[in-house]
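Structure first, commentary second.
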Amino acid sequence: MGGQRNKIKQALKSIFRVRTWKLILILIPLMFLTATLLRFDHIGMVELRDAVIQADKDGSDEEILSALMGLKEYTFSHIVINLIEENGVERVVFGTGPFYLEQQYIRKAKSALAEAEAALENAGENPHGNVYKKAAEVCDELARRYGWGFNRQYIECMSRELAKFPEMEEIEDFQRAMIPPTVLYRRDFASPIWAFSWSGLAILACIILIVVILIRFVIWCVLRIALILLKKR
């Protein structure tokens, strides 16, 4: 009986040769380091996303595509934790969160509306007259009242006004085929939950330390219980 107790005590000593509190002391700064590295990953994503937005404002389609590819590659190779708000509710996501290439959409829609205007002017006589001019008069007035430029609100206004003349086959065709849907200009890149990066390695080290601490605690509890049971015999 005494030999069994000695074996258990020896097992306790060998397992806990490195004190658990030392492991915890290592874990705490490691967790701060992990949080810092994750913060750097987030900042890197934000900078690249801002570069995309800037290219959208004053760049060509090629520049926008290049900026998007840089953002996509970075997001796919790093752990990007982001806080976004949708419908007044905040939630945590892995990735960039949704954003829009609004200026590119406006440029495409403006070009489509100009082509639609030219086509409607050449469509011949129709019972509604120059429907594009009628729609523009309504939307121009709203633009002056609300301070719009040629933006998404103006394009949506033109779409609504032109849709009031469903008999015109040309209008339906241009509404459906020429003015691009906004969903085509929505981007949302997801990042992996874990990636082989500095932050990923730091997370892995934290997980290993936490698992070791938990295992040591469970073993300590089991051996203590066994020791107590042996003393009662």
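Computed from a predicted structure; not experimentally measured. What you see below is based on every heavy atom in this structure, not just the backbone, and it leaves out hydrogens, waters and symmetry mates.
When atom types are taken as modelled, the side chain of Arg49 and the backbone of Thr96 share a donor-acceptor pair closer than 3.5 angstrom. For Asn82 (side chain) and Val93 (main-chain N/O), no donor-acceptor pair under 3.5 Å exists by modelled atom type. Tyr74 contributes a side-chain N or O that, together with a main-chain N or O of Asp41, makes up a donor-acceptor pair within less than 3.5 Å. Ser199 places no side-chain N or O within donor-acceptor distance of the main-chain N or O of Leu38, the cut-off being under 3.5 Å.
Clustering ILVMFWY residues whenever any of their side-chain heavy atoms sit less than 4.5 angstrom apart, transitively, puts Phe94 in the very cluster that holds Leu83. Clustering ILVMFWY residues whenever any of their side-chain heavy atoms sit less than 4.5 angstrom apart, transitively, puts Ile193 in a cluster other than the one holding Ile84. Leu65 and Tyr100 are members of different hydrophobic clusters when ILVMFWY side chains are connected at heavy-atom separations under 4.5 Å. Criterion: ILVMFWY side-chain heavy atoms under 4.5 Å apart, direct or through other members. Under it, Met69 and Leu48 are not part of a common hydrophobic cluster.
Around atom CG of Leu214, more than 12 heavy atoms belonging to other residues, nucleotides or ligands sit under 6.0 Å away. Heavy-atom neighbours of Phe76 CZ from other residues, nucleotides or ligands within 6.0 Å: above the threshold of 12. Atom CZ of Arg186 has more than 12 heavy atoms from other residues, nucleotides or ligands within 6.0 Å.
The minimum heavy-atom distance linking Ala202 with Leu37 is given by the pair CB-CD1, 3.9 Å. Taking every heavy atom of both residues into account, Ile79 and Trp194 meet most closely at CD1-CA, 3.8 Å. Considering all non-hydrogen atoms of both residues, Ser77 and Ala195 come closest at O-CB, 3.7 Å. When all heavy atoms of Met45 and Gly95 are compared, the closest pair comes out as CE-O, 4.1 Å. Nearest approach of Asp56 to Gln104, heavy atoms of both residues: OD1-N, 2.7 Å. Heavy atoms only, all atoms of each residue included: Thr34 and Cys206 are closest at OG1-SG, 3.4 Å.
Side-chain contact of Gln54 with Asp58: a donor-acceptor pair under 3.5 Å is present, judged by distance alone.
In this structure, CE on Met31 lies 11.0 Å from CD1 on Ile24, to the nearest 0.5 angstrom. Here Thr36 contributes atom OG1 and Trp198 contributes atom CH2; the two are 15.0 Å apart, rounded to the nearest 0.5 Å. Distance check: His78 NE2 to Phe196 CZ gives 12.0 Å after rounding to the nearest 0.5 Å. The structure places CD1 of Ile207 at 11.0 Å from CG of Leu27, a figure rounded to the nearest 0.5 Å. Interatomic distance, Leu33 CG to Ile28 CD1, rounded to the nearest 0.5 Å: 14.0 Å. Summarising the geometry, atom OG1 belonging to Thr75 is positioned 10.5 Å from atom NZ belonging to Lys72; distances are rounded to the nearest 0.5 Å.
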Inset, instruction - Take Arg187 and Leu68 through the test side chain to side chain contact (heavy atoms under 4.5 Å, CB included) and record every step on the way to the result. - result: CA-CA 9 Å; Arg187 297 292 184 271; Leu68 280 172; 3.9 Å; yes
Inset, instruction - Evaluate side chain to side chain contact (heavy atoms under 4.5 Å, CB included) for Asp188 paired with Phe99, printing each intermediate quantity in order. - result: CA-CA 6 Å; Asp188 186 357; Phe99 62 97; over 6 Å; no
Inset, instruction - Check the pair Asp50 / Val46 against side chain to side chain contact (heavy atoms under 4.5 Å, CB included), numbers first and verdict last. - result: CA-CA 6 Å; Asp50 289 345; Val46 171; 3.7 Å; yes
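Checked for salt-bridge contact, Arg145 and Asp140 miss the test: no charged N lies under 4.0 Å from a carboxylate O.
Lys108 is listed as a side-chain neighbour of Asp61, based on a closest heavy-atom distance under 4.5 Å.
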